[in-house]
Amino acid sequence: MTFYERVYEFVREVPPGHVVTYGQVALHLGAPAAARAVGYALSSLRPGNDVPWWRVINAQGGISLKNRGPQADLQRELLENEGVSFNGEGRTDLSVFRWWPRE
DNA sequence: GAGATGACGGGCT
DNA sequence: AAGCCCGCCATCT
């Protein structure tokens with residue numbers, strides 16, 4: 001089980017209409033400060049996988065792909081499609097949409 | 001093995 | 001609020 005796989009596994013558990021942050025994923029994997037590595041793992045995702053990568057956002061509740069490419073618009077579209085709303089600053093309300101795994 | 005990189009986060013100015 | 005800087009971790013060159 002590699003680090004990547006663990007990231008994917010967790011992300012796959014996030015239900016539609018909810019989101020998690022990079023740091024949150026890292027925390028869940030037992031590496032509180034590995035947020036960057038989480039992003040690195042997702043960057044290696046390719047179309048065709050079954051990982052809902054768009055449900056992973058940054059700690060500010062926004063999309064980190066702002067100017068990284070067309071995927072940013074796609075991500076926002078997919079989330080709004082699931083019921084996740086964005087404010088005027090292009091950010092979601094984490095206190096409402098953030099998801100935590102069951103205990 | 002050393003240095004650089006990146007879908008990050010938190011703290012300080 | 002907006003920048004800038006530093007620390008973190010897994011990978012790549």
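Letters A, B, ... are given to chains in the order of the sequence lines, protein chains preceding strands, and every chain is numbered from 1. Values below: all heavy atoms of this structure, side chains included; hydrogens, waters and symmetry mates excluded. Because the structure is a prediction, the values reported are computed rather than measured.
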Could you state the CZ-P distance from A:Phe3 to C:dC12, rounded to the nearest angstrom? 13 Å
Would you say a side-chain N or O of A:Ser43 is under 4.0 Å from OP1 or OP2 of B:dG6? no
Would you kindly give the OH-to-P distance between A:Tyr4 and B:dG6, to the nearest whole Å? 13 Å
N/O donor-acceptor pair under 3.5 Å between A:Gln75 side chain and A:Val56 backbone: yes
Residue whose nearest DNA chain B nucleotide is more 5′ - A:Gln24 or A:Val38: A:Val38
In whole angstrom, give the distance that lies between atom CZ of A:Arg6 and atom C1' of C:dT11. 15 Å
Between A:Leu94 and A:Ile57, is any pair of side-chain heavy atoms under 4.5 Å apart? yes
Rounding to an integer number of Å, can you tell me how far A:Ile63 CD1 sits from B:dG9 P? 14 Å
Taking the side chain from A:Tyr4 and the backbone from A:Leu45, do they hold a donor-acceptor pair closer than 3.5 Å? no
Using a heavy-atom cut-off of under 4.0 Å over every strand shown, decide if A:Ala34 touches base, sugar-phosphate, or nothing. sugar-phosphate
Which part of the nucleic acid does A:Ala31 contact within heavy-atom distance under 4.0 Å: base, sugar-phosphate only, or nothing? nothing
Send over the distance from A:Glu89 CD to C:dA1 C1', rounded to a whole Å. 9 Å
Could you check whether A:Trp53 and A:Gln71, counting side-chain N and O atoms only, form a donor-acceptor pair closer than 3.5 Å? no
Rounded to the nearest angstrom, tell me the gap between atom CG in A:Leu42 and atom P in B:dT5. 21 Å
Suppose we call a contact any N or O donor and acceptor under 3.5 Å apart; does that hold for the side chain of A:Tyr22 and the base of B:dA7? yes
Any N/O donor-acceptor pair, A:Arg36 side-chain to C:dG7 base, under 3.5 Å: yes
Within the side chain of A:Glu13, is there an N or O that forms a donor-acceptor pair under 3.5 Å with the backbone of A:Arg102? no
Residue whose closest nucleotide on DNA chain C lies nearer the 5' end, A:Arg91 versus A:Thr2: A:Arg91
Name the residue closer to the 5' end of DNA chain B, choosing between A:Gln60 and A:Tyr40 according to the nucleotide with the nearest heavy atom. A:Tyr40
Would you kindly give the NE2-to-C1' distance between A:His28 and C:dC9, to the nearest whole Å? 18 Å
Protein-nucleotide distance (A:Leu27, atom CG; C:dC9, atom P), rounded to Å: 13 Å
